[in-house]
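One structure is given below, encoded as structure tokens.
So that the names make sense, note that chain A is the first sequence line, chain B the second, and so on, each numbered from 1.
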Protein chains: 2
Amino acid sequence: MKKRTTLKELAKELDVSISTVSKALKNSPEISQDTIDKVKAFAKLLNYRPNNIALSLKNKKTKTIGIIIPDIVHHFFTKVIKGVENYANAKGYNVIVGLSNESFSNEVINMEMLANGSIDGFIVSMSRETMQHQDYQHFNETLNEGIPLVMFDRIVNEIPCDKVAVDDTKGAQMAVKTLLNKGAKKIALITTKDYVSVGRLRTKGYIEALNANGITPIPELILKIDDDLLYEDSLENLESQIKMLFAQHHDVDGIFAVNELYAVVAMKVAKSLGISIPEQLQVIGFTDGMLSKHASPSLSTVSQHGESMGQKAAELLIQRIDEYTSEKPPQPFNSVIITTDLILRESTK
Amino acid sequence: MKKRTTLKELAKELDVSISTVSKALKNSPEISQDTIDKVKAFAKLLNYRPNNIALSLKNKKTKTIGIIIPDIVHHFFTKVIKGVENYANAKGYNVIVGLSNESFSNEVINMEMLANGSIDGFIVSMSRETMQHQDYQHFNETLNEGIPLVMFDRIVNEIPCDKVAVDDTKGAQMAVKTLLNKGAKKIALITTKDYVSVGRLRTKGYIEALNANGITPIPELILKIDDDLLYEDSLENLESQIKMLFAQHHDVDGIFAVNELYAVVAMKVAKSLGISIPEQLQVIGFTDGMLSKHASPSLSTVSQHGESMGQKAAELLIQRIDEYTSEKPPQPFNSVIITTDLILRESTK
DNA sequence: TAATACTACTACAACGTTTTCGTGTTGATA
DNA sequence: TATCAACACGAAAACGTTGTAGTAGTATTA
């Protein structure tokens with residue numbers, strides 16, 4: 001196990017100064033071609049590679065961005081990470097991932113752990129708890145310290161930063177409108193509690209689409225699921241609520257769910273009750289993940305283009321980092337909307 | 001936008017030396033309580049936090065580990081990351097993610113990008129291309145530079161390092177044995193090409209289980225899928241191969257697939273052919289992901305415990321990092337096997 | 001009262017770079 | 001033969017820390 005080669009070592013061996021070595025490796029015109037060749041050859045021999053940490057310290061930039069997400073076992077976030085990685089890597093940046101596990105304190109701790117010089121900027125999707133508490137102090141502190149921040153998906157207006165989101169309302173509208181067009185008369189909604197911004201916005205889209213078609217939304221058809229503990233385990237609660245819905249409203253012939261899991265579970269319950277899809281019941285979900293694609297019947301869904309979101313977020317962030325370091329006049333903050341697409345599969349007629 | 005506070009600034013304002021400030025913040029007995037209190041109060045006021053990069057440079061350790069995986073849009077890897085993150089964070093480490101996208105050169109580039117001082121160690125699952133080329137030079141170089149490395153899941157004996165893997169062969173054996181016990185007589189296998197180590201090992205388990213029960217494996221029943229381009233898109237190839245299998249062997253009553261996607265697709269094809277599951281055909285997959293849980297019928301599967309793998313890998317790596325820095329006598333390399341569990345659901349009787 | 005021992009600090013080197021500002025040697029010019 | 005570029009290189013500061021090795025000034029001891 002050898003130690004890493006440093007400029008100092010090269011200098012000593014070649015009997016020149018550190019400066020000379022450094023300049024030679026950068027093809028400085030100050031250095032004779034002879035020396036350049038010698039230094040380079042020797043550097044190659046010893047497999048010299050500049051120490052990134054030293055460079056970070058000197059340049060005051062780490063070429064690393066931090067992405068903080070609530071959950072990594074989740075197709076959508078995974079796609080976003082992929083988009084971020086792709087763009088960031090192409091720009092010479094590394095990506096460091098922090099998981100909040102939907103917990104406020106984890107989010108804060110994670111950000112503090114990184115905001116000590118380890119990263120040049122953040123890409124964040126808030127934890128559920130943060131949305132609930134509406135405590136955005138850690139974001140503002142980060143911004144005050146001069147660390148740029150881009151929020152995505154779960155965004156909130158109070159924070160002055162760049163944002164990337166999906167047109168949740170419009171996507172939901174489109175989905176519900178499509179169900180109506182395909183003949184559904186009584187459409188139920190399975191959504192989250194209102195503090196989840198995306199759930200709230202998609203609910204809004206659902207209601208607007210109904211209103212636009214002269215249908216008065218029926219509160220009983222709107223299931224607001226509290227998925228505090230849900231996610232991986234204990235879907236029973238969800239299943240039983242859906243069962244009750246079907247029991248009380250046997251004429252429901254359309255379901256719009258704000259994520260693919262809810263939609264798939266709804267289909268499962270429906271099938272177990274002998275309801276045929278899409279003949280008797282049409283279903284559309286949100287987020288185009290593995291589940292939608294491989295469910296049976298496969299699920300029509302609103303695609304969020306997570307990878308594009310990640311790319312855009314990374315682009316905005318790196319742009320902002322450049323702006324900060326170049327002391328350019330600050331640009332106004334961007335709010336980019338990634339448009340959704342409706343992907344029709346077997347769960348709709 | 002303020003700049004970050006440094007020791008120097010604190011020192012100047014308080015009219016003491018930098019050393020005094022540094023020591024005061026660390027409660028050094030060299031410093032009077034009076035000064036300590038003053039320094040701390042002022043530091044809090046200015047929201048001082050030590051610069052991590054400077055510390056990394058000084059201590060020659062970054063408290064960061066790099067994890068290189070072939071694909072992040074994949075439940076298993078995602079679970080592993082979660083496990084790594086949890087353990088690493090608890091130990092004060094950050095996790096930086098590199099994606100190879102199953103490409104050899106991406107893997108090499110990614111590792112080189114990080115092996116310049118940015119990280120203290122690697123956790124790696126090889127790309128498919130790397131397995132194919134059998135070119136492990138970049139791993140060995142990394143090790144030679146004194147950067148510890150832990151491989152997981154897709155491992156290979158040639159590399160002298162710690163390893164964490166699943167008992168692929170045994171897990172497959174168990175699955176096939178279970179199918180046999182549940183009455184299956186003619187069991188097909190859907191696996192990968194042999195250069196994928198886990199596919200090869202699971203195939204081995206399949207064959208051994210059959211042999212142990214006095215059944216001679218039939219080559220035609222073994223589908224070796226070339227998923228070079230597959231994954232996200234173009235499942236048609238896979239579907240048509242499975243269709244052909246059923247056409248030629250209508251009496252197949254069991255399927256073991258080396259991942260959940262293959263299993264789910266197999267079920268889909270079977271259902272489309274009017275084959276009932278689990279009555280006429282029983283199916284078991286590998287990897288307990290979202291698909292298995294929410295497929296219909298839900299899929300019996302061999303659970304890999306990705307999170308445990310990640311935890312264990314992180315544990316081994318951090319242990320090794322500590323060993324390297326403390327100049328302790330080197331311990332022999334560990335090869336940890338995470339045992340699999342068979343989770344029985346609706347796709348088996 | 002001089003030697004000694006604390007106390008409470010400060011100076012400085014070091015980690016590995018880059019970069020600015022010298023500086024000594026050539027060769028050409030007046 | 002002085003003067004001055006041009007050339008090729010070196011010294012040193014800087015990035016923000018930490019820790020070792022001083023060093024004043026005061027208090028204790030012989």
Side-chain angles (χ1 to χ4, degrees), chain A residues 2-40 42-43 46-64 115-120 145-147 325, chain B residues 2-40 42-43 46-64 115-120 145-147 325:
Chain A
K2 327 170 203 169
K3 319 195 76 174
R4 308 212 46 204
T5 315
T6 66
L7 288 183
K8 196 197 280 192
E9 276 149 34
L10 292 179
K12 203 198 299 185
E13 298 290 324
L14 289 165
D15 213 43
V16 292
S17 76
I18 295 178
S19 336
T20 303
V21 178
S22 171
K23 287 171 189 167
L25 291 172
K26 300 195 124 47
N27 291 315
S28 161
E30 285 181 55
I31 308 296
S32 71
Q33 194 57 48
D34 230 45
T35 315
I36 291 186
D37 293 344
K38 253 182 264 173
V39 169
K40 284 195 169 176
F42 199 62
L46 262 61
N47 192 27
Y48 170 79
R49 282 195 331 268
N51 181 317
N52 206 31
I53 296 291
L55 286 177
S56 295
L57 182 60
K58 185 130 231 314
N59 302 331
K60 289 165 157 262
K61 44 166 64 186
T62 61
K63 283 276 183 180
T64 303
N116 56 10
S118 302
I119 51 101
D120 293 337
E145 285 176 28
I147 303 175
T325 53
Chain B
K2 327 170 202 169
K3 321 192 75 172
R4 307 212 46 203
T5 315
T6 67
L7 288 183
K8 195 197 278 191
E9 276 150 33
L10 293 179
K12 203 198 297 183
E13 298 291 325
L14 289 165
D15 212 43
V16 292
S17 76
I18 296 179
S19 331
T20 303
V21 177
S22 171
K23 286 172 187 164
L25 291 172
K26 300 195 124 45
N27 291 315
S28 161
E30 284 182 57
I31 309 296
S32 71
Q33 194 56 48
D34 230 45
T35 314
I36 291 185
D37 293 344
K38 253 183 263 173
V39 170
K40 284 195 169 176
F42 199 61
L46 262 62
N47 192 27
Y48 169 78
R49 281 194 333 266
N51 181 317
N52 206 31
I53 296 292
L55 287 176
S56 294
L57 182 58
K58 184 135 230 312
N59 303 332
K60 290 166 156 260
K61 44 163 66 183
T62 61
K63 284 276 182 180
T64 304
N116 56 10
S118 302
I119 50 102
D120 294 337
E145 285 177 29
I147 302 175
T325 54

Practice task
Might you work through the side-chain contact (heavy atoms from CB on, under 4.5 Å) test for Asn47(A) and Glu145(B), ending with a clear yes or no?
Solution key: CA-CA 10 Å; Asn47(A) 192 27; Glu145(B) 285 177 29; 3.2 Å; yes

Practice task
Determine, stepwise, if the pair Val39(A) / Leu25(A) fulfils side-chain contact (heavy atoms from CB on, under 4.5 Å).
Solution key: CA-CA 7 Å; Val39(A) 169; Leu25(A) 291 172; 3.9 Å; yes

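Interatomic distance, Glu9(B) CD to Ile18(B) CD1, rounded to the nearest 0.5 Å: 10.0 Å.
Nearest heavy-atom pair across Thr35(A) and Ile31(A) is CB-CG2, 3.6 Å. Closest heavy-atom contact between Tyr48(A) and Thr5(A): CD1-O, 3.4 Å. Of all non-hydrogen atoms in Ile36(A) and Ala24(A), the two that sit nearest each other are CG2-O, 3.8 Å. The minimum heavy-atom distance between Leu7(B) and Ser22(B), with the atom names listed, is CD1-CB, 3.9 Å. For Pro50(A) against Leu55(A), the heavy-atom pair with the smallest separation is CB-CD1, 4.2 Å.
Contact annotation for Leu55(B): backbone-only contact, meaning every heavy-atom pair under 4.0 Å involves sugar-phosphate atoms and none involves a base. Residue contacts for Leu57(B): at a heavy-atom cut-off of 4.0 Å it reaches a base atom on one of the strands shown.
Over its length, the helix from dT1(C)-dA30(D) to dA30(C)-dT1(D) turns its helix axis by 80°, as judged from the five terminal pairs at each end, rounded to 10°.
Without hydrogens or angle criteria, Arg49(A) side chain to Gly117(B) main chain gives no donor-acceptor distance under 3.5 Å. For the pair Asn51(B) (side chain) and Ile53(B) (backbone), a donor-acceptor distance under 3.5 Å is present.
Between the C1' atom of dT19(C) and the CG atom of Leu25(A) lies a distance of 15 Å, rounded to the nearest Å. Taking atom CZ on Arg49(A) and atom P on dT17(C), their separation rounds to 11 Å, with Å as the unit.
Reading DNA chain D from its 5' end, the first and the last nucleotide to sit under 4.0 Å from a heavy atom of chain B are dC15(D) to dA21(D).
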Problem - Where protein sits on nucleotides 8-14 of chain C, one letter per nucleotide: B base, S sugar-phosphate only, - none, heavy atoms under 4.0 Å - result: BBBBB-B

